[in-house]
Amino acid sequence: MQHKIIITIDGWSSCGKSTLAKQLARELGYIYIDSGAMYRAITLYFLRNHVDWTHPEIVHEAMQHIKLSFMSNHKSGQSEMHLNGENVEYVIRDLVVAEKVSEVAAIREVREFAVKQQQEMGRSKGIVMDGRDIGTVVFPNAELKIFMTADNDIRVKRRFQELYEKNPNVTMEEVRANLEMRDYIDSHREVSPLRKADDALELDNTNITMKEQLEIAKKWVLERVPASHS
């Protein structure tokens with residue numbers, strides 16, 4: 001497939017966006033960009049440096065010292081998040097970061113900082129990017145927009161299993177509370193709230209396998225690539 005497009009995958013926390021985005025990018029030979037990792041890395045910086053993000057002037061000063069980049073892990077073949085030269089891919093997945101990331105991501109200057117970088121990454125197309133506002137704000141003219149959903153109980157179980165591997169002390173109740181909080185903040189924030197783009201295709205993965213999700217997404221991609229280039 002020579003002709004490349006921009007694919008956005010938005011949706012709620014723990015509904016499988018990243019998993020699908022990574023596999024779809026691999027199948028197409030596209031670059032996968034985890035926008036959520038960028039907000040998590042910024043949140044990690046704020047937490048480490050005791051940045052009071054309720055004060056705009058303090059946030060503005062802190063943002064001057066943040067440099068984000070994705071670097072390929074040659075062993076896994078995946079792109080990993082680096083914060084000021086440090087690989088923080090696994091640190092940013094901690095529940096402590098997850099509990100604060102929606103608050104930080106709701107800050108206008110933080111979003112403008114991240115969106116500008118994301119748009120630059122997509123300049124040459126051939127990317128799959130997942131997040132909350134990728135199809136509505138970052139790439140409103142993307143050729144393919146997918147909005148993912150899943151049953152709440154399924155989302156809680158998936159997130160719990162993911163976190164339990166790293167922290168056996170985490171409880172299902174903590175995970176459920178965290179998801180509910182993030183859903184509320186993500187959908188009610190003033191800047192770029194989570195919503196389904198008018199031209200997005202909805203994919204509910206509650207009862208379908210990853211293979212089935214991938215086949216559906218690939219079919220949608222082919223429908224949007226000019227026949228002469230496929």
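Worth saying up front: this structure is predicted, and the values here are computed from it rather than measured.
The same ILVMFWY cluster, assembled from side-chain heavy atoms under 4.5 Å apart, contains both V221 and L214.
Remark: the S187 side chain and the R132 side chain contain no N/O donor-acceptor pair separated by less than 3.5 Å.
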Check: residues 94-102 side-chain donor-acceptor pairs under 3.5 Å, at least two apart:
residue	atom	partner	partner atom	Å
D94	OD2	V96	N	2.9
S102	OG	D186	OD1	3.1

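With N167 contributing its side chain and L163 its backbone, the two residues share no donor-acceptor pair below 3.5 Å. Between the side chain of E202 and the backbone N or O of F147, no donor-acceptor pair lies under 3.5 Å. Without hydrogens or angle criteria, K218 side chain to L28 main chain gives no donor-acceptor distance under 3.5 Å. Of the possible donor and acceptor atoms, one in the side chain of Y30 sits under 3.5 Å from a partner among the backbone N and O of I5.
The side-chain hydrogen bond (donor to acceptor under 3.5 Å, both in side chains) check on R48 picks up E86, with sequence neighbours excluded. Partners of T206 according to the side-chain hydrogen bond (donor to acceptor under 3.5 Å, both in side chains) rule, which considers only residues two or more places apart in sequence or in another chain, are D204. Legend: residues meeting salt bridge (Lys or Arg N to Asp or Glu O under 4.0 Å) with E180, ordered by chain and number and at least two apart, are absent.
The ring pair (Phe, Tyr, Trp, His ring centres under 6.0 Å) contacts involving residues 81-111 comprise nothing, where partners must be two or more places apart or lie in separate chains. Listed by first then second residue, pairs satisfying ring pair (Phe, Tyr, Trp, His ring centres under 6.0 Å) with a partner in residues 158-197 read F160-Y164, Y184-H188, not counting sequence neighbours.
Using a 4.0 Å cut-off between charged nitrogen and carboxylate oxygen, D183 and R159 do not count as a salt-bridge pair. Between E223 and K219, at least one side-chain N (NZ, or NE/NH1/NH2) sits under 4.0 Å from a carboxylate O, which counts as a salt bridge. Classification of R195 and D133 as a salt-bridged pair fails, no side-chain N sitting under 4.0 Å from a carboxylate O.
One distance of note links CG of N205 with CE of M210; it measures 7.0 Å at 0.5 Å rounding.
Scanning both residues, F70 and D34, for their nearest heavy atoms gives CZ-O, 3.3 Å.
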